[in-house]
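Just so it is clear, the values below take in all heavy atoms, side chains as well, and ignore hydrogens, waters and symmetry mates.
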Amino acid sequence: MTPRFPLGDLVALSVVSMTGAALMAWAQMSAFHAAYGFVCGSQAGLLAHCPACYVPVALLASGLSSLAHAASARRRVLRVRT
């Protein structure tokens, strides 16, 4: 039985997702800070997070889950029929 997704593709997907999450979080926080002078979620919990704060978290979770799937698929031993 061949794997549904090649391991190299899963690792590449995880790297791209986690890099995108880091870049999106950096860009969103720096733009928000430059525009309003503070970072959302700051000032003793009085400011709520904007919806753009949750997108990098979802990308990071996607990247970590695809990396975990690639690691578990690599450890799986294929049974050979005799």
Side-chain angles (χ1 to χ4, degrees):
M1 183 174 161
T2 60
R4 187 169 187 167
F5 299 106
L7 294 179
D9 290 349
L10 287 173
V11 171
L13 174 68
S14 66
V15 168
V16 168
S17 293
M18 290 189 283
T19 303
L23 289 174
M24 186 175 281
W26 174 77
Q28 191 264 338
M29 285 299 166
S30 63
F32 193 81
H33 183 68
Y36 298 107
F38 56 85
V39 177
C40 42
S42 63
Q43 296 187 2
L46 298 176
L47 301 170
H49 289 285
C50 63
C53 290
Y54 299 109
V55 174
V57 175
L59 277 174
L60 182 65
S62 171
L64 289 175
S65 65
S66 64
L67 191 62
H69 180 66
S72 69
R74 187 168 188 243
R75 279 188 256 146
R76 195 175 307 141
V77 177
L78 297 176
R79 296 182 182 172
V80 178
R81 294 184 196 178
T82 55

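Atom OG of Ser66 is separated from atom CG of Asp9 by 11.0 Å, given to the nearest 0.5 angstrom. The distance from the CG atom of Leu13 to the CE atom of Met18 is 9.0 Å, given to the nearest 0.5 Å.
Here the side chain of Ser14 pairs a donor or acceptor atom with the backbone of Val11 at under 3.5 angstrom.
Ala21 approaches Leu59 most closely through the heavy-atom pair CB-CB, 3.7 Å. Of all non-hydrogen atoms in Met24 and Pro56, the two that sit nearest each other are CG-CG, 4.0 Å.
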